[in-house]
Amino acid sequence: MAITAQDLIDAILDRGTFTSWDGPLPDVAPDAEYAAALQRARERSHHDEAVITGEGRIRGQRVALIACDFGFLGGSIGVAAAERIVTAVERATALRLPLLATPTSGGTRMQEGTVAFLQMVKISAAITLHKQSGLPYLVYLRDPTMGGVFASWGSLGHVTIAEPGARIGFLGPRVYEALRGEPFPDGVQTAEHLFERGLIDGVVPLRFVRLLAHRTLRVLAGAQDADPLAPHLGVREELAAADDDTPAWDSVRISREPGRPGVRAFLRHSATDRLPLSGTGEGETDHTLLLSLARVQGYPCVVVGQDTTRADGAAPPLLGPAALRAARRGMRLAAELNLPLVLVIDTWGAALSPEAEEGGLAGEVARSLSDLVTLTVPTVSVLLGQGTGGGALAMLPADRVLCAQHAWLAPLPPEGASAVMYRDAEHAAEMAERQRIRAADLLEDGVVDRVIPERPNAADEPTEFSRRVGLAVSDALAELSLIPDSIRISRRLDRYRFLGGR
């Protein structure tokens, strides 16, 4: 049974809080046949158009809502419906409200022709201006969402989820069959397939949308639970690192031990209101990179983390171009939502393969570096384990760089550096020492700002270590929150401009 607009209001908003924003509709001067169709649609759906708009509350927080009703001419969008949508978006922007859109539509209203088709331009413009104001835009795609609706406001969400089994796509199957003389392939235009391809962030039944929206809005609403002026009791003592004379090669081996906690352990033990996101939003997904909205010790942020650890000790996969495109999606989200960005580095390096070359790996490293070092929001990078090559470098240049005691950073793994210099891997330990890759050396050389102690090894104390990482991140975010943007960005650029100069 199709989800109606009233079903959405009842399931998502606090009871009795919805207030309609809908006013009189513009006159579209329909012909007699179209006028009769509109009248029948109004009688059947009990709505005056295919879209209703208004505001309500989700667990007390105000939110604007735009909902299509497929029962009104298949949820199609013409001039009147588009004007209602744009008016609501503009009102939400003026009121500084997050916006939740729940489209279900066959697309453009054919009875109104080309003028209706062009309405998607002004809807997209209004949504973009809303996002440029730093306001959240959440999308719940329902069955079906097709055509210009999916190709405009249905695809612009910061976070986009869909109804299970929903048919979602650009080209209508009937149109495809009429034009091509064959049926559209099964399984392509489904919510589940889009999720697998990294085009949407999840497939969620209606009964869970309220919880998910609440969790998302808590992260995006700002740091109401964090006080940057309040001292973090015990942080300095907890994070005080003792003098470390561990040889570099020993740290490399420790960083590769099975069971060493990674980004997932960090989020599990140091973050709340976690909302995992999926893929690049552009048709790719790479499970070696984790993207999430979260609150770390009360600080809302976007977390991008390389998840390459393996409990069985097997070699983890290398980072491909899709992983870096997902990382850049996280950078864009942080900028659009004005949230700090936390990057967790733990990688054997970037993928070395013909597929990675053809997929634009080098360009993605370059664009990640460019985006990150010039990002306007506070940034914190955490070297959690292995830091090899372009895959690590692409996520490093932040305002504050933290480093676990046995983490390291190098252009190649020591074995690779040995192969370059000596044509064998026997000099790996020597190269690790000569290249100053260990945490203590990175601190002395100004590459990192703080070393997070391991007591004695993160694999032996995964929970305590992960909480310690969270303390270090929150301490850095507290410090950065007190620095004006222009000064903070200037300091970041200067740091990398003069790094290595003596």
Side-chain angles (χ1 to χ4, degrees), residues 2-10 12-13 17-30 34-35 37-56 62-131 133 135-142 144-157:
I3 298 172
T4 67
Q6 190 60 50
D7 291 336
L8 286 163
I9 291 171
D10 294 341
I12 298 174
L13 300 181
T17 63
F18 179 72
T19 301
S20 175
W21 287 354
D22 295 339
L25 295 166
D27 185 6
V28 296
Y34 181 27
L38 287 172
Q39 183 58 36
R40 291 193 297 272
R42 289 169 184 146
E43 292 171 356
R44 282 198 300 264
S45 68
H46 306 291
H47 296 302
D48 62 352
E49 246 301 342
V51 176
I52 66 169
T53 69
E55 70 165 283
R62 287 179 71 188
V63 60
L65 177 70
I66 298 174
C68 284
D69 198 310
F70 196 78
F72 192 106
L73 296 182
S76 57
I77 302 299
V79 171
E83 184 61 28
R84 178 166 286 179
I85 291 170
V86 170
T87 299
V89 174
E90 292 173 342
R91 185 168 177 177
T93 305
L95 293 172
R96 306 290 302 168
L97 293 180
L99 177 60
L100 172 61
T102 63
T104 175
S105 174
T108 298
R109 188 165 296 173
M110 292 294 106
Q111 294 92 329
E112 296 181 26
T114 300
V115 172
F117 175 52
L118 289 171
Q119 298 303 303
M120 302 307 162
V121 177
K122 72 180 185 183
I123 297 174
S124 298
I127 294 292
T128 300
L129 293 173
H130 180 83
K131 292 168 63 178
S133 297
L135 297 168
Y137 178 52
L138 315 181
V139 177
Y140 183 51
L141 302 170
R142 293 146 59 207
T145 302
M146 305 297 294
V149 171
F150 181 48
S152 57
W153 53 294
S155 292
L156 293 175

Nearest heavy atoms of [X] and [Y], plus distance in Å:
X: E112; Y: A116; answer: CB-CB, 3.6 Å
X: T4; Y: R142; answer: C-NH2, 3.8 Å
X: V28; Y: A80; answer: CG1-N, 4.0 Å
X: L97; Y: H130; answer: O-CE1, 3.0 Å
X: V139; Y: P103; answer: CG1-CD, 4.1 Å
X: A2; Y: D7; answer: O-OD2, 3.7 Å

With side chain to side chain contact (heavy atoms under 4.5 Å, CB included) as the test, would you mind laying out the steps for I3 and L8 before giving the verdict? CA-CA 7 Å; I3 298 172; L8 286 163; 3.9 Å; yes

How far does [atom1] of [X] sit from [atom2] of [Y], to the nearest 0.5 angstrom?
X: T93; Y: Y137; atom1: OG1; atom2: OH; answer: 11.0 Å
X: Q119; Y: I85; atom1: CD; atom2: CD1; answer: 9.5 Å
X: M110; Y: S76; atom1: CE; atom2: OG; answer: 8.0 Å
X: F72; Y: L38; atom1: CZ; atom2: CG; answer: 5.0 Å
X: L141; Y: S105; atom1: CG; atom2: OG; answer: 11.5 Å
X: L99; Y: E55; atom1: CG; atom2: CD; answer: 11.5 Å

Take I52 and I9 through the test side chain to side chain contact (heavy atoms under 4.5 Å, CB included) and record every step on the way to the result. CA-CA 10 Å; I52 66 169; I9 291 171; 3.7 Å; yes

Which residues share a side-chain contact (heavy atoms from CB on, under 4.5 Å) with R44, sequence neighbours left out: R40

How would you list, by chain and number, every residue that makes a side-chain contact (heavy atoms from CB on, under 4.5 Å) with S155, sequence neighbours excluded? F150

Output yes when a side-chain donor or acceptor of R96 lies under 3.5 Å from a complementary backbone atom of S133, and no otherwise. yes

Donor-acceptor contact below 3.5 Å, side chain S45 vs main chain H47: yes

Mark yes when over 12 heavy atoms from residues, nucleotides or ligands other than Y34 sit less than 6.0 Å from its OH; otherwise mark no. yes

Contact between [X] and [Y] at the side-chain level, heavy atoms closer than 4.5 Å - yes or no?
X: L156; Y: S124; result: yes
X: P144; Y: T104; result: yes
X: I12; Y: L100; result: yes

Evaluation steps, side chain to side chain contact (heavy atoms under 4.5 Å, CB included), between E49 and D69: CA-CA 8 Å; E49 246 301 342; D69 198 310; over 6 Å; no

The test is side chain to side chain contact (heavy atoms under 4.5 Å, CB included); show your working for W153 and I66 and say whether it passes. CA-CA 11 Å; W153 53 294; I66 298 174; 4.1 Å; yes

Please list all pairs meeting salt bridge (Lys or Arg N to Asp or Glu O under 4.0 Å) that have one or both residues in residues 73-87, counting only residues at least two apart or in different chains. D22-R84, D48-R84, E83-K122

